[in-house]
Amino acid sequence: MRRTKAIAIAAIVALVVVGTPADAGHHEGEEAAMMDGFTADLINNIKDTEKKLVALAEAMPADMYGWAPSVEVRTYSETLIHVAGANLFIPVALGAAPMEGLDTSENPMAVMQKMEAEITAKDDVVAKLKKSFAYVYEALPTIADLDEKVELFGPPASKRSYFLMLQGHAH
C-alpha cells in the first residue's frame, strides 16, 4: 500500500512538472508588468511556483492529504499549509500589513502549527494556499527598503534575502 501511494505521488509530480512550459517563470503578470526590478522578477517567479504547487495540490486525491512518508514529517496537507503560513507571515515580519483576519498577536509558528492541525481537507487546503499567494502579490510591493537588515530567522539579513527565502520555501 505504501509503495502504491509513493508511485501515485511520483506520477502526479511528474505530470505537473512535465506539463509546464519550458519558459515558465518568464510570464509577466498584470501587476508585475506595472513594476520593474527585483520585486517584479520575484513575483513572476513565485507565480510560476504557485501554478505548479496549486496544480499538484489539486491533482492529489483528497484521501491522500493525511499521508506522510513517516511519522517524523509533515503530512501532505500540513506541508501545503506550512507554505501558506510562510506566505502569510514573512511579508508581515518585513513590514507589510497583515492579511485581513490573520492573527498576528500570537507567535507565528504557533499560529502556523494551529493552521496545520485544523486545515486538513483538500478543498480548504487548496483555498488557503491560493489565498496566501494572492496576499503575497499584494504585500511584497508594499515593503520598503529591501536593503534594510532585519533578524527573523538567525543572523541579520536584508529584506531582499527574506524575499528569496519566501520564494525558495514555496519551491
Side-chain angles (χ1 to χ4, degrees), residues 1-33 38-94 96 98-99 101-102 108-109 111-141 153 161-171:
M1 183 72 158
R2 184 176 282 191
R3 182 180 168 150
T4 303
K5 287 181 181 179
I7 291 170
I9 292 170
I12 291 168
V13 170
L15 286 172
V16 170
V17 172
V18 172
T20 59
D23 65 343
H26 301 287
H27 301 287
E28 297 280 333
E30 185 177 312
E31 304 86 9
F38 176 79
T39 303
D41 291 343
L42 180 69
I43 287 174
N44 283 327
N45 184 279
I46 293 174
K47 283 184 179 205
D48 179 57
T49 304
E50 174 194 15
K51 183 175 122 182
K52 293 173 184 173
L53 192 56
V54 168
L56 185 60
E58 290 173 337
M60 181 65 80
D63 65 343
M64 296 292 291
Y65 268 62
W67 177 82
S70 71
V71 295
E72 293 87 22
V73 297
R74 289 182 174 97
T75 65
Y76 190 74
S77 68
E78 289 169 341
T79 301
L80 294 174
I81 292 298
H82 183 79
V83 171
N87 288 350
L88 297 174
F89 282 104
I90 289 176
V92 171
L94 297 176
M99 182 179 76
L102 181 67
M109 291 305 292
V111 175
M112 287 174 60
Q113 288 173 342
K114 184 178 178 183
M115 287 186 340
E116 289 173 12
E118 293 177 353
I119 304 171
T120 59
K122 177 180 177 173
D123 291 343
D124 296 337
V125 170
V126 172
K128 188 68 160 187
L129 188 63
K130 287 178 178 181
K131 192 172 184 178
S132 78
F133 278 108
Y135 167 72
V136 165
Y137 307 136
E138 291 176 17
L140 292 186
F153 319 113
S161 69
Y162 282 104
F163 272 148
L164 293 171
M165 183 184 295
L166 179 88
Q167 172 194 21
H169 192 260
H171 278 284

- Message: Closer than 3.5 angstrom, by distance alone: can the side chain of Tyr65 be matched with the main-chain N or O of Ala57 as a donor-acceptor pair?
- Response: yes
- Item | Criterion side chain to side chain contact (heavy atoms under 4.5 Å, CB included) on Ile81 and Lys128, from CA distance to verdict | CA-CA 7 Å; Ile81 292 298; Lys128 188 68 160 187; 3.9 Å; yes
- Message: Let's go through Tyr135 and Leu88 carefully: what are the C-alpha distance in whole Å and the side-chain angles of both, what is the deciding distance for side chain to side chain contact (heavy atoms under 4.5 Å, CB included) to 0.1 Å, and is it a yes or a no?
- Response: CA-CA 7 Å; Tyr135 167 72; Leu88 297 174; 4.0 Å; yes
- Query: Going through the checks in order, is the side chain to side chain contact (heavy atoms under 4.5 Å, CB included) test met by Ile90 and Phe163?
  - Reply: CA-CA 8 Å; Ile90 289 176; Phe163 272 148; over 6 Å; no
- CG on Leu53 to CG on Asp48, rounded to 0.5 Å: 11.0 Å
- Query: Do you know the tightest heavy-atom contact between Asn87 and Pro91?
  - Reply: O-CD, 3.1 Å
- Task: Drop me the distance from Leu56's CG to Leu80's CG, to the nearest 0.5 angstrom.
- Result: 7.0 Å
Donor-acceptor pairs under 3.5 angstrom involving side-chain atoms of residues 118-125: please list them, not counting sequence neighbours.
| from | atom 1 | to | atom 2 | distance (Å) |
| --- | --- | --- | --- | --- |
| Lys122 | NZ | Glu58 | O | 2.6 |
| Lys122 | NZ | Met60 | O | 2.8 |

- Item | Nearest-0.5 Å distance that lies between atom CG in Asp63 and atom OH in Tyr76 | 12.5 Å
- Query: Quick one: does NZ or CZ of Lys47 land under 6.0 Å from the six-membered ring centre of Phe133, within 45 degrees of the ring axis?
  - Reply: no
Show which side-chain atoms of residues 164-171 pair as donor or acceptor with protein atoms under 3.5 Å away, not counting sequence neighbours.
| from | atom 1 | to | atom 2 | distance (Å) |
| --- | --- | --- | --- | --- |
| Gln167 | NE2 | Asn45 | OD1 | 2.5 |
| His169 | NE2 | His82 | NE2 | 3.1 |
| His171 | NE2 | Asn45 | OD1 | 3.0 |
| His171 | NE2 | Thr49 | OG1 | 3.0 |

- Task: Return the minimal non-hydrogen interatomic distance between Ala96 and Ala139, and the atom names on each side.
- Result: CB-CB, 3.7 Å
- Heavy-atom closest pair, residues Pro69 and Arg74: CD-O, 4.4 Å
- Message: Has Glu78 got a side-chain atom pairing as donor or acceptor with Thr75's backbone, closer than 3.5 angstrom?
- Response: yes
